[in-house]
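FYI, side chains are in, hydrogens and waters are out, and symmetry mates aren't considered; it's all heavy atoms of this structure. First the proteins, then the strands, lettered A, B, ... as listed; each starts at 1.
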Amino acid sequence: MEWLGLSYDEGPFYQSERFELYRAKVQQLLDSGQAYRCYCSQDELNAKREAALQNGQKPKYDGTCRNRTAAPAVDAPYVVRFKSPLTGETTFVDRIKGPITFSNEELDDIIIQRTDGTPTYNFVVVVDDAEMGLTLIVRGDDHVNNTPRQIPIYQALGYPVPEFAHVPMILGADKSRLSKRHGATSVMAYRDMGYLPEAMVNYLVRLGWSFGDQEIFSLDELIEKFSLDNVGKAAGVFNPEKLLWLNAHYIKTGDPERLGNLLKDYLAAIGVDSSQGPALPAVVKTLQERSQTLVEMAQGAAFYYRDEVAYDEEAVAKFLTADKRSILEALIRHLGACKDWSHDGVAAAFGQVMEETGLKLGKIGPSVRVALVGGTTSPSIYDVVQVLGQKTSINRLLMALTIMS
RNA sequence: GCGCUCAUCGUCUAGCCUGGCCUAGGACACCGGCCUUUCACGCCGGCGACAGGGGUUCGAAUCCCCUUGGGCGUACCA
């Protein structure tokens with residue numbers, strides 16, 4: 001959440017540190033007769049559940065201990081079950097899905113405290129949410145079914161029942177629950193893959209929510225514009241391409257200074273030391289428009305920092321042929337004489353080479369590119385030369401002359 | 001099985017509540033063109049959906065019913 005820029009007002013709280021509270025609440029329910037001890041063994045329970053399922057019955061607890069009259073052995077292990085209402089129905093108005101009604105006959109006497117004395121999820125969330133004064137519970141709609149079990153617990157404990165908003169889930173491309181085989185399921189994995197937090201937030205929020213035709217939202221804008229009213233009901237399929245597009249957008253429009261700082265780590269991850277050589281923000285500017293992720297940008301930026309140019313054989317064979325020697329020599333000369341090492345100054349030097357050789361940039365560019373970068377794709381050649389610097393550029397051109405066939 | 005729930009382009013969605021403005025809009029992806037020193041960016045254009053069937057109505061993507069399909073739940077998991 002920190003990485004995503006999502007802050008919180010208090011906490012985190014650890015349930016493991018609140019067991020006393022849960023114990024007291026369980027006791028309260030026991031004392032008031034709204035919960036009871038159940039001595040049924042797990043084996044018994046499983047057998048009953050299976051039998052019920054076989055006979056086409058609901059696999060719910062049969063209430064053996066709820067109706068028990070005889071006292072059990074003093075030290076027999078037990079769980080605590082909540083006495084769910086047997087008849088009638090439980091209704092709540094979901095802020096997203098509207099009214100939802102469950103017949104109480106569907107409800108089970110859920111276990112609220114295990115044999116080892118620890119409380120269970122459905123009980124703990126009720127106590128926590130109520131004790132913390134939550135008035136609106138926003139959660140995934142895989143919890144819709146838990147709601148009618150939790151509401152009676154709120155009531156039994158004398159807590160006000162909060163409002164609920166169940167947001168749709170995110171599905172994989174095959175519409176099944178999102179899992180590892182659909183790609184990364186952890187946001188941190190996306191950071192490692194070179195995604196920006198604002199792209200992640202923007203993508204995720206638009207999955208299940210909309211604001212007219214708008215696609216791009218800053219965090220501030222989201223805070224201002226987000227509303228439960230515009231949350232959709234249907235589950236959304238995670239679409240990596242759109243995430244990638246958003247990421248590319250934020251890279252394109254991002255601050256080079258900040259991106260440079262981030263890029264450092266991605267370069268380090270592929271064994272490139274950026275402490276020496278061109279300034280990172282300048283490097284970033286040459287790659288912003290052509291990188292979809294920071295990983296991609298790091299790969300594209302590596303040539304700026306490596307001492308040795310990693311020549312691509314095919315590219316060398318095609319563009320560093322002997323007949324290009326005079327071009328490179330002319331360029332070395334004009335670049336060496338260049339006094340104004342700006343983009344325009346560099347462009348002027350190229351201009352002189354073009355004039356001298358009578359060739360267009362299209363004829364000399366590829367060879368220069370291979371000489372400086374090693375391959376046939378890179379940022380604009382003027383930018384590369386300018387960012388690489390006078391000394392390095394000329395050195396690389398000289399090196400290229402030595403490997404020419 | 002039972003319960004809950006959802007259903008517009010391949011995907012995210014607008015429109016649905018308050019029927020006619022919808023020959024259904026936008027975005028991603030894809031295809032084509034333009035731009036161009038490579039790769040990209042950008043710009044222009046194209047392809048492409050109201051799940052099916054019944055109603056209600058002068059008129060339905062919009063309201064009702066059924067069917068089908070998907071998701072979730074059905075734990076001493078959370």
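- Atom-to-atom, CH2 of A/Trp209 to C1' of B/rC12 comes out at 13 Å; the value is rounded to the nearest Å.
- Across all strands shown, B/rA60 remains unpaired; no Watson-Crick or G-U wobble contact has both distances below 3.5 Å.
- Exactly one of A/Asp142, A/Thr147, A/Asp141 qualifies for a side chain to side chain donor-acceptor pair (under 3.5 Å) with A/His166. That residue is A/Thr147.
- Checked against B/rU38, B/rC72, B/rC39, the side chain of A/Arg290 finds its nearest nucleotide in B/rC39.
- With distances taken from any side-chain atom of A/Leu53 to the nucleotides B/rC6, B/rC2, B/rG1, the minimum falls on B/rG1.
- A distance of about 28 Å separates the P atoms of B/rG26 and B/rC6, rounded to the whole Å.
- Summarising the base pairing, B/rG45 is matched to B/rC31 through a Watson-Crick or G-U wobble pair whose two defining distances lie under 3.5 Å.
- Both distances falling under 3.5 Å, in either a Watson-Crick or a G-U wobble arrangement, occur for no nucleotide opposite B/rA14.
- Distances were taken from every side-chain heavy atom of A/Glu289 (C-beta onward) to each of B/rU74, B/rA78, B/rA40; the shortest belongs to B/rA40.
- For A/Lys83 (side chain) and A/Gly33 (main-chain N/O), a donor-acceptor pair under 3.5 Å exists by modelled atom type.
- Using the Watson-Crick or G-U wobble rule with both distances under 3.5 Å, B/rC4 pairs with B/rG71.
- Nearest nucleotide to the side chain of A/Val144, out of B/rC12, B/rG3, B/rC4: B/rC4.
- Taking the ring centre of A/Tyr61 as origin, the terminal cationic atom of A/Arg81 falls inside the region bounded by 6.0 Å and 45° from the ring axis.
- Residue A/Glu241 is in sugar-phosphate contact alone, with no base atom involved, counting any heavy-atom pair closer than 4.0 Å across all strands shown.
- Of the P atoms belonging to B/rC22 and B/rU67, the separation is 35 Å, rounded to the nearest Å.
- For the pair A/Ala301 and A/Leu267, the tightest heavy-atom approach, listed with the atom from each and the gap, is CB-CD2, 4.2 Å.
- If you take atom P in B/rU11 and the same atom in B/rA51, they sit 12 Å apart, rounded to whole Å.
- Listed nucleotides: B/rC72, B/rU38, B/rG1. Nearest to the side chain of A/Asp142: B/rC72.
- Side-chain nitrogen and oxygen atoms of A/Lys58 include none within less than 4.0 Å of the OP1 or OP2 phosphate oxygen of B/rC2.
- On a pure distance criterion of 3.5 Å, a polar donor-acceptor pair joins the side chain of A/Arg369 and the base of B/rU37.
- One P atom belongs to B/rU56, the other to B/rU13, and the distance between them is 34 Å to the nearest Å.
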